[in-house]
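Read through the structure below, which is laid out as structure tokens, and then see the notes.
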Amino acid sequence: MKIDWKNLGFSYMPVKSNIRYRYRDGRWDQGSIYNSDRIELSVASNCLHYGQAAFEGLKAFRCKDGRVRIFRPAENARRMNKTSAHLLGPEIPEELFIDAVKRVVRDNIEYVPPYGTGGSLYIRPLLIGSSAQIGISAAQEYEFIILVVPVGPYYKGGIKPVDAYVSEDWDRAAPHGTGHIKIAGNYAASLKPTKVAKEHGCHVALFLDPRTHTYIEEFGTSNFIGIKPDGTYVTPESPSILESVTNKSLLELARDLGLTTERRRIHKDELADFSEVGACGTAVVVTPVGRIFIGDKVFSYGDCIGPVLKKLFDHMTGLQFGEIEDIHHWMLPLD
Ligand SMILES: *Cc1c(COP(=O)(O)O)cnc(C)c1O
């Protein structure tokens with residue numbers, strides 16, 4: 001195995017192994033490591049037809065002291081169980097989830113990018129209803145799979161702002177649908193609006209609240225952060241937003257740094273009041289948003305990352321790579 005660590009992007013590559021647990025007769029098995037990245041499923045598997053599929057995303061880092069640590073896996077366990085409960089799937093005990101993450105990371109330890117390259121090991125847990133059925137109901141059997149893939153620093157050659165296009169014709173989620181949980185179908189629903197955003201020359205789609213199209217919700221794959229000129233960190237509150245672990249963590253870091261934070265509804269007219277806008281999620285931590293296009297209006301936030309988002313980004317990545325003291329105990333050592 002020879003990997004060009006400095007030139008890793010964010011794309012799939014087969015690694016040594018993945019781990020799989022099967023849920024049958026109301027219980028999880030012990031889990032097994034598989035060296036193939038193929039799965040065998042019935043053509044009538046529930047997840048394929050009816051979308052009973054939940055996923056997660058988190059990362060492991062090779063820290064400055066040489067140890068490997070995982071960022072807040074208990075948060076992902078909790079969220080996956082919230083998603084599973086909504087889909088009438090089984091509970092994954094937190095200990096099983098964390099043990100599964102550790103087992104698969106250990107088996108693929110050679111794929112954790114070295115400290116200093118800026119890369120990390122992306123961890124993707126997946127829960128699918130696997131039993132064969134044609135009638136619409138929750139599956140009887142499930143597979144809990146975790147795959148891993150080494151990824152590069154999202155920002156090769158500096159942090160460049162992205163442009164966002166406000167999707168006024170399509171929503172990613174219904175007012176009381178599944179926007180708040182991490183299911184595969186939400187992404188299927190955002191493909192077309194994201195394509196439309198790209199046709200308008202933007203990188204990402206920004207969604208409004210699906211009931212009134214008045215309030216800011218989130219980007220297709222990341223939460224919305226607005227920074228006021230006085231440094232106040234504002235992020236939307238809504239029942240159809242996915243609760244991002246990154247956003248939750250950045251809110252805490254912002255408070256540690258003495259900033260005021262607000263989680264509340266954000267009217268779309270407020271886009272004019274922010275000095276910085278960011279999109280946050282595990283893959284990127286924070287991406288600055290340079291411009292937001294809405295109807296025939298455009299709001300600009302500068303052509304490089306602003307000072308507040310930069311400070312938060314540096315703090316978060318410093319913590320993840322073990323360069324800054326982990327006062328909240330967010331980093332779980334692998335061994
Ligand atoms: C996963 C996801 C995010 C980011 O969540 P993190 O836990 O920070 O990675 C934001 N929005 C949507 C729609 C997501 O699916």
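All of these numbers come straight from a predicted model, not from anything done at the bench.
- Legend: residues meeting side chain to side chain donor-acceptor pair (under 3.5 Å) with S222, ordered by chain and number and at least two apart, are absent.
- Under the side chain to side chain donor-acceptor pair (under 3.5 Å) criterion, the residue pairs touching residues 24-37 are Y12-D37, with sequence neighbours excluded.
- Under the ring-ring contact (aromatic ring centres under 6.0 Å, His included) criterion, the residue pairs touching residues 94-119 are F97-F144, with sequence neighbours excluded.
- Sequence neighbours left out, not one pair with a member in residues 225-256 passes ring-ring contact (aromatic ring centres under 6.0 Å, His included).
- Through chains of ILVMFWY side-chain contacts below 4.5 Å, I292 is grouped with V162, V166, V204, L206, L208, I216, F219, F224, V234, I266, L271, F274, V277, V289, I294, F299, Y301.
- Partners of F55 by ring-ring contact (aromatic ring centres under 6.0 Å, His included), not counting sequence neighbours, listed by chain and number: Y187.
- The salt bridge (Lys or Arg N to Asp or Glu O under 4.0 Å) pairs that include a residue from residues 208-221 are R172-E218, where partners are two or more places apart or lie in different chains.
- Applying the ring-ring contact (aromatic ring centres under 6.0 Å, His included) rule to H213 yields no partners; only residues at least two apart in sequence or on another chain are considered.
- Shown here are the ring-ring contact (aromatic ring centres under 6.0 Å, His included) partners of F293, two or more places apart in sequence or in another chain: there are none.
- Other members of the cluster containing L87 are I181, I183, with ILVMFWY side chains joined at under 4.5 Å, either directly or via other members.
- Listed by first and then second residue, the salt bridge (Lys or Arg N to Asp or Glu O under 4.0 Å) pairs involving residues 305-320 are K310-D314 (not counting sequence neighbours).
- Its side chain outside the 4.5 Å cluster rule for every partner, I241 clusters with none of the Ile, Leu, Val, Met, Phe, Trp and Tyr residues.
- With E243 as the fixed residue, the salt bridge (charged side-chain N to carboxylate O under 4.0 Å, His left out) test singles out one of R79, R263, K82, K182: K82.
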